[in-house]
Enquirer: 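Take a look at this one; I'll ask things after.
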Protein chains: 2
Amino acid sequence: MHYTEQMEDELREAGWKLTPSRRAVLSVFDRHDLHLRADEVLARARKIHPAVGRATVYRTLELLTGMGILHPMVLGDGKTRYARIEDGHHHLVCSSCRQVVEMHDRRFNRLIRRLAHEQGFQMQSNVMECIGTCRECREKETKS
Amino acid sequence: MHYTEQMEDELREAGWKLTPSRRAVLSVFDRHDLHLRADEVLARARKIHPAVGRATVYRTLELLTGMGILHPMVLGDGKTRYARIEDGHHHLVCSSCRQVVEMHDRRFNRLIRRLAHEQGFQMQSNVMECIGTCRECREKETKS
DNA sequence: ATCGTTAATGAGACAAAATCTCATTTAGTG
DNA sequence: CACTAAATGAGATTTTGTCTCATTAACGAT
């Protein structure tokens, strides 16, 4: 089953109405590897359902964030971007060339869940950003 | 030695000029536990050096971010906030009441550093946000 | 199918956050 | 203390996000 359909079910089960606009926004995030600004989401959603309004995109992004489906983040350039939450969403960001590497490591989720539990929290999702320098940039650095 | 002085040295060593405005912004972050919006930073900086302009605050926040001294983040309400980076900065955020719990756990930093290293990254800093529900909110939930 | 309720919508006014420009100032250097 | 490039503040401008409100349409009941 596709991600979009799953999410539509989730919305329905939570009692939200499934409108063309919401479907359009959701379908933008069918690919898992996107980090989009609100205006980019708007543009892409309009390709699917040209009538969507800006307000609705913001409302939907907020809704999806509240449901733990998306997560807003600032990847170092001051712009807020939305990305799907996979439990969890872990980035390495190179502070020099800005490339973003996605990490998927179970140890991480396990450790976080445990630490959250120790504090009485029940984890819904988590996002980590690690800022550093990638190998290529370090090598360029030392050469110059 | 105070944090502010350390950071001033860092700026100087990197060849940046130490102006009253930059000092003012830096001194705002002398306390380690702040998560401030740009306009809050401006207001606080003006208490110290009333002449600072908005543009300069943004410029300085960007500079300090680039140097790995501050990190911008979106704590779930869509507002960008800046906080000092301590290696690392780990939050539990309750999605219901919005309380933020700071975690300090060495295992975390160790694991992240290792994972970063595996990818060829040299870590400068890291930030983690775990969204969940705190005990109090869960208890309220079940009672109602 | 159709109806009724109510959530959801789009348009556009509005507000807030961030950027840009440029003439002027000043920190650091010699 | 004079020089110069970096940095600044003011304010115009752009971008991003919010709000209002009249209209629409999703969904359950019939």
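Just so you know, these numbers use all the heavy atoms, side chains as well, and skip hydrogens, waters and symmetry mates. Each chain gets a letter, A, B and so on, in the order its sequence line appears, and its residues count up from 1.
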Enquirer: I'd like a table of donor-acceptor pairs (distance under 3.5 Å, sequence neighbours excluded) in which one partner is a side-chain atom from residues 41-58 of chain A, with atom names and distances.
Expert:
{"unit_1": "A:R46", "atom_1": "NE", "unit_2": "A:V52", "atom_2": "O", "d": "2.9"}
{"unit_1": "A:R46", "atom_1": "NH2", "unit_2": "A:V52", "atom_2": "O", "d": "2.9"}
{"unit_1": "A:T56", "atom_1": "OG1", "unit_2": "A:R59", "atom_2": "NH2", "d": "3.3"}

Enquirer: Would you say B:Y58 places a side-chain N or O within less than 4.0 Å of OP1 or OP2 belonging to C:dT19?
Expert: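 So the side chain of B:Y58 is outside the cut-off, no N or O lying under 4.0 Å from OP1 or OP2 of C:dT19.
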
Enquirer: Write down the distance between CD (B:E40) and C1' (C:dA18), rounded to a whole number of angstrom.
Expert: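 After rounding, the gap between these two atoms is 16 Å.
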
Enquirer: Through what angle, rounded to 10 degrees, does the axis of the helix from C:dA1-D:dT30 to C:dG30-D:dC1 turn between its ends, using five pairs per end?
Expert: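 The angle separating the two end axes equals 50°.
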
Enquirer: List the protein contact pattern of nucleotides 4-11 of chain C with one symbol per nucleotide (5' to 3'): B for base contact, S for sugar-phosphate-only contact, - for none; contact means a heavy-atom distance under 4.0 Å.
Expert: --BBSBBB

Enquirer: Which whole-number value in Å describes the distance from A:K79 NZ to C:dA18 P?
Expert: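 One finds 9 Å between P of C:dA18 and NZ of A:K79, rounded.
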
Enquirer: Does the side chain of A:N126 pick up a donor-acceptor pair with the side chain of A:H90 at under 3.5 Å?
Expert: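 Looking only at side-chain atoms, A:H90 and A:N126 do form a donor-acceptor pair, the distance falling under 3.5 Å.
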
Enquirer: Starting from C1' on D:dT16, measure out to CZ on B:R37 and report it in whole angstrom.
Expert: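 Result: 15 Å.
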
Enquirer: What is the distance from CZ of A:R12 to P of D:dA26, rounded to the nearest Å?
Expert: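 In whole Å, D:dA26 P and A:R12 CZ are 13 Å from each other.
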
Enquirer: Within this structure, what is the CG-to-P distance between A:L36 and D:dG17, rounded to whole angstrom?
Expert: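 So the CG-P distance, A:L36 to D:dG17, works out to 13 Å.
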
Enquirer: Rounding to a whole Å, what distance do you find between A:E8:CD and D:dC27:P?
Expert: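 In whole Å, D:dC27 P lies 10 Å from A:E8 CD.
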
Enquirer: Calculate the interatomic distance between A:D9 atom CG and D:dC27 atom C1'; express it in whole Å.
Expert: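 Distance, rounded to whole Å: 16 Å.
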
Enquirer: To the nearest Å, how far apart are B:L64 CG and D:dA7 P?
Expert: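 It works out to 12 Å between those atoms.
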
